[in-house]
Engineer: 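Below are the structure tokens for one structure; questions will follow.
The chains referred to below are lettered A, B, ... by the order of the sequence lines, with proteins before strands, and numbering in each begins at 1. Computed from heavy atoms alone, side chains included, the values below leave out hydrogens, waters and symmetry copies.
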2 protein chains.
Amino acid sequence: MKASDTLKQLPHKTIERLSQYRRALLICLENKKDHIFSHEIAKIQHITPVQVRRDLMLIGYSGTLRKGYNIQELIDLISDIIDSNEGINVAILGMGNLGRALLNYFSGKRHKLSIVASFDVNPDKIGKSFNNIPCHNITDMEKVIKRENIEIGIITVPASQSMATAKQLVKSGIKGILNYTPKPVEVPEGVYLEEYDMITTLEKVSFYVKMENERAADQVIQRKDQGTAASDF
Amino acid sequence: MKASDTLKQLPHKTIERLSQYRRALLICLENKKDHIFSHEIAKIQHITPVQVRRDLMLIGYSGTLRKGYNIQELIDLISDIIDSNEGINVAILGMGNLGRALLNYFSGKRHKLSIVASFDVNPDKIGKSFNNIPCHNITDMEKVIKRENIEIGIITVPASQSMATAKQLVKSGIKGILNYTPKPVEVPEGVYLEEYDMITTLEKVSFYVKMENERAADQVIQRKDQGTAASDF
DNA sequence: TATTAATTGTTAAATTTATAACAACGCAAA
DNA sequence: TTTGCGTTGTTATAAATTTAACAATTAATA
């Protein structure tokens, strides 16, 4: 079995964490650190040191005992694994607030993953550039995607347009779609789809805050009960 | 054991899916549907019908055989579970593109979860309103959070400010934090934290697209090999 | 030099999550 | 009426993911 076959079987969660490790490591590098321990990475990511070591084991990286992991080496290895050699081009569909936020976050951050085009329906935006990325008319999608060899599309259009946009992307030969709208889309077999919805996460936080509030309230009641019971004697 | 204790033990993943089911169901309701099958919900969410039925079993909802689930009833039940009776107030920290995008997505969508304040450092924004939500000076955070009884903070400030913002939120007595910046924050025990980072997901899509590209390339090579082998005879 | 403490790498166990299997039921059509 | 099909609800099984346990090793220190 080739090394690349091992990598294909990396757990999905490990892939996600590798991306996060790299981001953390890049920050550490800026701060002139050259080595890092598993428990340091773990603390940043709110996970356990064992999990960090296990992930690194899976990608075959060895640290130095009592010195930890070489940050630059680890960044390079993670990049080897998750980046494409040739680089991958990305387009953002919809230059509203969210599209522009993504562009800001991302522009110039990765060498191997470049946002090279954006699209919108608004005539005021078409023809302009945001962060030096040109904004095209969304009706030119297929033409531009093929010309610029764009493989991934990020959908940030209004929710009502998400499905139509996904269809157009598929028709244009896109390989992967990241849908940021709260309305799920359907794509045919062979197109990798990730739904990424901001509302679910907020509702999850809300649920656990609510639960904690109720737990705290229950405890107060229980303390009162105990107090009453004791005074019965 | 009380019913509420059962709900406390709902799997995290089920909580997330319940939020997604509700969103899908609300759309179905708008389209004048009154009942829905598990396989229909499943299709929308890219999961299996079994999983839908299992989630609904966990929350104790029963559908009608050969008719499916009553959409309104199910929405109400899910709302009972994930919403707080009294409602929860939310603040957005950072009225950049991302903060405004979230506000747009969210405003007026939920009754029990309301964004009631936003904060920024930019004097041009302070004092104004976005989607009818006032924007305060971020130095007034503690005062406003206590006055407005805000329990959840969404961090959408520049990444360099994420930790400082989180600290300020904790000091103001926040119960839950949703961090949208790519830089993880630390919070003390008792504050519920969810890190939600947009870059990881994009890199994940990129990884699987790359993998698929390589797999496709390998197959071409294998076909060539086979062809050569056959012609050897 | 011997001892102690800290760290990695890895196997084993536990936990969480998803899938499969199937009984029970009810409607529709033969 | 009876047969067959499609659906739910639930238990059992499998898969994925995390955590625990611990040997091996090294550096620092007594």
Engineer: Among D:dT19, D:dT7, D:dT11, which nucleotide sits nearest the side chain of B:Met57?
Structural biologist: D:dT11

Engineer: CD of A:Glu40 versus P of C:dA6: gap in Å, rounded?
Structural biologist: 14 Å

Engineer: Give the rounded distance in Å between these two atoms: CZ of B:Arg54 and P of C:dT16.
Structural biologist: 13 Å

Engineer: OP1 or OP2 of D:dT18 versus the side-chain N and O atoms of A:Arg17: is any pair under 4.0 Å?
Structural biologist: yes

Engineer: Are B:Lys204 and A:Tyr192 close enough, and set up right, to give a side chain to side chain contact (heavy atoms under 4.5 Å, CB included), and what steps lead you there?
Structural biologist: CA-CA 10 Å; B:Lys204 189 178 173 192; A:Tyr192 184 89; 3.7 Å; yes

Engineer: Report the distance from atom CD of A:Gln45 to atom C1' of D:dT18, rounded to the nearest whole Å.
Structural biologist: 16 Å

Engineer: In a check of side chain to side chain contact (heavy atoms under 4.5 Å, CB included) between B:Ile78 and each of B:Ile81, B:Leu74, B:Asp76, B:Asp80, which one passes?
Structural biologist: B:Leu74

Engineer: For B:Thr14, report the nucleic acid contact type (base, sugar-phosphate, nothing); a contact means any heavy atom under 4.0 Å.
Structural biologist: nothing

Engineer: May I have the distance from A:Gln51 (atom CD) to D:dT18 (atom P), rounded to whole angstrom?
Structural biologist: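 The answer, rounded to whole Å, is 4 Å.
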
Engineer: Quick check against the 3.5 Å criterion: does A:Asp55 have a side-chain atom that pairs as donor or acceptor with the backbone of A:Ile59?
Structural biologist: no

Engineer: Select from B:Ser62 and A:Thr48 the residue whose nearest nucleotide in DNA chain D is closer to the 5' end of that strand.
Structural biologist: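 Looking at DNA chain D, the more 5' nearest nucleotide goes with B:Ser62.
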
Engineer: Quick one: are A:Thr165 and A:Phe119 in side-chain contact, heavy atoms under 4.5 Å?
Structural biologist: no

Engineer: Within this structure, what is the NE2-to-P distance between B:His35 and D:dT7, rounded to whole angstrom?
Structural biologist: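 The answer, rounded to whole Å, is 14 Å.
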
Engineer: Without decimals, in angstroms, what is the distance between B:Arg66 CZ and C:dA24 P?
Structural biologist: 18 Å

Engineer: Which whole-number value in Å describes the distance from B:Ile47 CD1 to C:dA18 P?
Structural biologist: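 Distance, rounded to whole Å: 9 Å.
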
Engineer: Indicate whether OP1 or OP2 belonging to C:dA18 is found under 4.0 Å from a side-chain N or O atom of B:Arg53.
Structural biologist: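 Indeed not, no polar side-chain atom of B:Arg53 lies that close.
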
Engineer: In plain terms, say whether B:Glu203 and A:Arg110 are close enough for a salt bridge, that is, a side-chain N and a carboxylate O under 4.0 Å apart.
Structural biologist: yes

Engineer: Mind calculating the distance between CG (B:Leu58) and C1' (D:dT10) to the nearest angstrom?
Structural biologist: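 Atom CG in B:Leu58 sits about 11 Å away from atom C1' in D:dT10.
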
Engineer: OP1 or OP2 of C:dT17 less than 4.0 angstrom from a side-chain nitrogen or oxygen of B:His12, does that happen here?
Structural biologist: no

Engineer: Reading DNA chain C from 5' onward, which residue's closest nucleotide shows up sooner: A:Val50 or A:Leu65?
Structural biologist: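 The residue closer to the strand's 5' end, by nearest nucleotide, is A:Leu65.
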
